[in-house]
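Below is one structure, written out as C-alpha cells; comments come after it.
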Amino acid sequence: MSRPSSFVPTPDQDVLDIKPLRTLSPMFPAPLGVNTFNQPSSPGTPPMVFVTTAGQFPGLRSFSAFGAQDAAGGRPASSNAQATGFGGQSAVYGGKTAANGTSNAGASADVPIDATPISVCKPTPPPTNAGASAGTPIYATPLAAYKPKTPNVIQLDDDDDDNDDDDYAVNQTSASGRAIKRPYRLSGYRTSGGLGSDSNSGVKIKRHKSSNRMAGTDHEFTLEPHSSSDPREVVEEVLMTFEALRRRHLQLDEAQETGKRADLKASAIMNAKNLRANAGRRIGGVPGVEIGDIFYFRMELSIIGLHAPSMAGIDYMTATFGDRDDDSVAICIVAAGVYENDDDATDTLVYSGSGGNNRNNEDMHDQKLERGNLALERSLSRKNVIRVVRGYKDPGCLAGKIYMYDGLYKIHESWKERTRAGINCFKYKLVREPGQPEGFAIWKMSRKWVANPDTRGNVLHPDLSSGAEYLPVCLVNDVNSEKGPGLFTYISEVKYLKPLSSLKPLQGCRCVSACLPTDSTCGCSQCNGGNLPYSSTGLLVCRKPMIYECGESCLCSVNCRNRVTQKGAKIHFEVFRTENRGWGLRSWDPIRAGSFICEYVGEVIDDEKFSLDDSKDDYLFQTVCPGRKTLKWNYGPELIGEQSANVSPDTFEPLPIKISAKKMGNISRFMNHSCAPNAFWQPVQFDHGDDGHPHIMFFALKHIPPMTELTYDYGEIGADSSGIGSPRAKSCLCGSSNCRGYFC
DNA sequence: GGCTACTCATATGC
DNA sequence: CGCATATGAGTAGC
C-alpha cells in the first residue's frame with residue numbers, strides 16, 4: 001500500500017485527527033521522503049488562479065471565498081475531527097441492534113429489558129445423545145462438556161491478561177489441515193486451453209492437494225519468482241489477481257450472456273492454484289491486512305485469510321489453551337451492516353448470533369448455542385481479540401456492499417433477546433481495542449462530508465476547480481498554516497497544440513443506442529481486441545497499450561457503456577497538505593479497483609520544441625515505464641490459459657506525448673509518486689485518432705479506502721542504465737518495502 | 001489414524 | 001425475491 005505521506009505520528013496528536021488510514025501501520029515507519037513537487041508559495045501571495053472551463057476567472061469570488069474560509073477557519077491544525085463527535089462510548093443497545101428486536105427500542109444505553117445473560121440461560125438438557133443424528137444441535141450440551149473433535153487443533157499461550165497481539169501468536173502443532181476435495185465446477189465460461197476441459201459442461205478444476213497448506217507458517221504462497229516476502233505485498237498480489245480474474249470472467253460472461261458470480265469463479269481458480277494468503281486460522285491481526293482496508297466481496301476476505309467462511313458471519317477455530325480443554329473461539333466476524341442507522345458509535349458494536357431466521361419465515365426457531373454462537377460465547381470468557389469487518393451498504397452507491405476491516409475487538413457481554421418474530425436471539429457486545437488506527441470511524445466521517453461538505457474542517461477552499469469538475473474539489477490543510485499550493489490555472493481539459501479537428505479522426509462504430517458485449521460486430525469492440533474494455537459498472541477490465549472509447553463518430557448514445565473516462569471524474573476529491581511531500585490528492589469516496597479516477601490534464605508540449613528547461617518541469621507527464629506492480633495489473637488471463645496482456649519493461653514502448661501541468665492543470669497534478677502506487681495511467685482515445693497523443697487516464701490499481709492518498713508510479717527513466725543520473729531523477733522515500741529509491 | 005464422501009449450516013451476490 | 005452456491009464443521013465409513 002502506498003504510504004500516505006501526510007502523517008508522522010506524534011504523541012500530542014489526537015487519535016481522531018483526520019489522517020490517511022494507513023499511516024499507523026506498524027510495519028512501516030512514517031515516510032521521510034521529500035519531493036519537490038510543489039512550488040513554494042509564500043503566505044502573502046494569492047495561491048492560485050481559479051479558472052473555469054470557459055476561461056480564466058478573475059478570481060474575485062474565489063479569493064474572497066478563500067479569505068473568508070481562512071478567517072472563519074482559524075482552527076488549529078489537526079483538531080478538526082472532534083467536532084464530528086464520534087468515538088463516544090455510547091452503547092449500541094436497543095432498537096438498532098435488532099431489526100427484529102422492537103421490544104427494546106426504548107431501552108437506552110442499558111441492557112435490554114428482556115435480555116438475559118447467556119451464562120444464566122440454562123440450556124435444555126441434552127437429548128439422549130446416543131443416536132444423535134448429524135443434525136442434533138449441540139445446544140443441549142453443557143459448555144464445559146463440549147469438546148469438538150476437529151483435527152485443526154491450534155495451541156495458544158494460555159495467558160490472556162495482556163492485550164498484546166503477541167499473546168495470541170499461534171503455534172500450529174497439529175495441523176493436519178485436511179483439505180476438502182471437491183471439484184470446482186465453473187460452468188458457463190470458456191477457456192482457450194490451460195485448465196480447460198469440456199466447455200459445455202463447465203470446467204472442472206481440482207483443488208490443489210494442499211498437504212502443506214496448514215503447515216509451517218504464513219506464506220507458502222508464491223505467485224511467481226518476483227513475489228515478495230512482505231506480507232502486505234503478498235496480500236495485495238492475491239487481491240489483484242483475484243480482481244483481474246473476476247473482471248475477465250465478468251467480461252466473458254457478459255459476452256456470452258451466460259453465467260453469473262464471477263467472484264466465485266475467480267476464487268475457485270485462486271483456490272485451485274493455491275493462490276491465497278495467510279492460510280490457516282489465527283487469533284489477532286492478519287499479516288498484510290491493515291485496518292481500513294476495503295473489500296467488495298466476501299471471497300476477498302476469504303482468500304487473504306481474514307475471514308474464511310464465504311457466507312457465514314462468524315469465523316472461529318478450535319484452540320488449545322495451555323493444558324485446558326480444547327475450545328472453540330471466535331476469531332473474526334463480519335457485521336453485515338444492514339441495521340446500520342445514524343449510529344455514530346464506531347468503537348462498539350452489537351452483533352447478533354447466527355441462525356434461527358430461516359427464509360420464508362418457515363422453520364423459525366430459537367438460535368442455538370452452537371458453532372459460531374458458541375465460539376463467541378467462549379470468546380467472551382477467553383477474552384480473546386476478534387477481528388471485525390464492517391459491512392456497509394451505501395444507499396447512494398450502485399455497487400453492493402463494501403466491507404472494511406476495522407481491527408480488533410473484544411466481547412464485553414452477551415445476552416439473549418427475543419426478536420419481533422418471537423425467536424430467541426443471541427447478542428454480543430463488542431468493544432474496539434484501544435490504540436488502533438481508525439478504520440470505520442474515518443469511513444463514517446467521510447460519508448458525512450460527502451453528505452454535507454460543510455462539516456469538513458480545515459477547509460482552505462471549497463472548490464479548487466470553481467465548478468470545472470463534476471464535483472467540487474476541496475482544498476484542505478490539516479497539517480500546517482500553508483494557504484495553498486503554488487499558482488496555477490485550473491483547467492478541465494487537455495490543451496492540444498492543434499485543434500482537434502485537424503487531428504486524425506477516430507473510427508467509430510455503428511451500434512444503435514448502445515454497444516453491447518454480445519455484439520462482436522461492434523467496431524469499437526474490435527478496436528479493443530474483441531471485447532468492450534469496461535464492465536457494465538464502468539470498471540476497466542484490463543490494462544492495455546490503448547483503450548478506444550466510443551466517440552463522436554459512433555452512432556451509439558452517450559449512455560453507451562464504452563464511454564467512461566470522457567464523462568469526467570465523479571469522485572469527491574480533496575487536495576490536501578501532506579506532511580512532507582507538498583500537496584497531495586485523496587478521495588472521500590472509496591474507489592474500487594479498475595475505477596476511472598481522473599485524467600492528466602495540462603498543456604501538450606511540442607516534442608520538437610522540448611527543451612532542457614521543460615525537462616526540469618516537475619509537472620511534466622511522460623509515458624515512462626512504470627514498475628512491476630502497474631505492469632502486472634492484468635495478471636489473471638495467464639491463469640485461465642489466455643495469452644498474457646502484460647507488457648514487460650523490455651517491450652514497453654513510450655509514447656511521444658508530453659503533458660505539462662505546471663501552469664495549468666487539474667487535480668491530477670497533485671498526485672504524488674509512490675513505488676507502491678494505488679493508481680496507474682492508461683492511454684485512452686475518444687475524440688481523435690492520433691495514437692501518439694492520447695488522453696492519459698488514471699485508474700485505481702486496487703481498492704482504495706477513503707482518505708488514502710492517491711499515487712501512481714512515475715516510472716524510472718533509463719531503468720537499464722542510470723536513472724539516478726537523469727536530470728529529473730529525484731530520490732524517493734515513499735516508504736514502501738520495494739521502494740526503488742528514486743523516480744523521475 | 002488417515003483418508004474420502006457425505007450432510008448440514010450459513011447468507012451472499014446477482 | 002429467488003436461486004445457486006463456497007466454505008468449513010461435523011459425521012460415517014473404509
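All chains are named by letter (A, B, ...) in the order of the sequence lines, taking the proteins before the strands, and each is independently numbered beginning at 1. These numbers come from a predicted model, not from an experiment.
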- Touch class at under 4.0 angstrom, heavy-atom based, for A:Arg298 against every strand present: sugar-phosphate
- Go ahead and write out DNA chain B as dot-bracket, 5' to 3': ( ) for pairs within the strand, [ ] for ones crossing earlier pairs, | when the partner sits on another strand, dots for unpaired; Watson-Crick or G-U wobble, both distances under 3.5 Å. .|||||||||||||
- Message: A:Ser535: which residues meet the side-chain hydrogen bond (donor to acceptor under 3.5 Å, both in side chains) condition with it, sequence neighbours left out?
- Response: A:Thr537
- Query: Within 45° of the axis and under 6.0 Å from the centre of the six-membered ring of A:Trp633, does NZ or CZ of A:Arg247 qualify?
  - Reply: yes
- Item | Interatomic distance where OH belongs to A:Tyr403 and C1' belongs to B:dT12 [whole Å] | 6 Å
- Query: Atom CZ of A:Arg371 and atom P of B:dA11: how far apart are they, to the nearest Å?
  - Reply: 11 Å
- Item | Partners passing side-chain hydrogen bond (donor to acceptor under 3.5 Å, both in side chains) against A:Ser302 (at least two apart in sequence or in another chain) | none
- Query: Nearest to the side chain of A:Arg281, which nucleotide is it out of C:dA6, B:dG13, C:dG8?
  - Reply: C:dG8
- With sequence neighbours left out, write down each residue that passes ring pair (Phe, Tyr, Trp, His ring centres under 6.0 Å) with A:Tyr534, or none if nothing qualifies. none
- Closest to the A:Ser354 side chain: C:dA4, C:dG8, B:dT10? B:dT10
- Message: Under 4.0 Å, heavy atom to any atom of DNA chain C: which of residues 307-316 of chain A qualify?
- Response: A:Ala308, A:Ser310, A:Met311, A:Tyr316
- Task: Would you confirm whether the ring centroid of A:Phe596 sits within less than 6.0 angstrom of the ring centroid of A:Phe699?
- Result: yes
- Query: Under 3.5 Å, is there a donor-acceptor pair between the side chain of A:His412 and the main chain of A:Val431?
  - Reply: no
- Message: Just to verify, what does A:Arg387 make a side-chain hydrogen bond (donor to acceptor under 3.5 Å, both in side chains) with, not counting sequence neighbours?
- Response: none
- Query: Going by the angle between their ring planes, with limits at 30° and 60°, are A:Trp588 and A:His572 parallel, tilted or perpendicular?
  - Reply: parallel
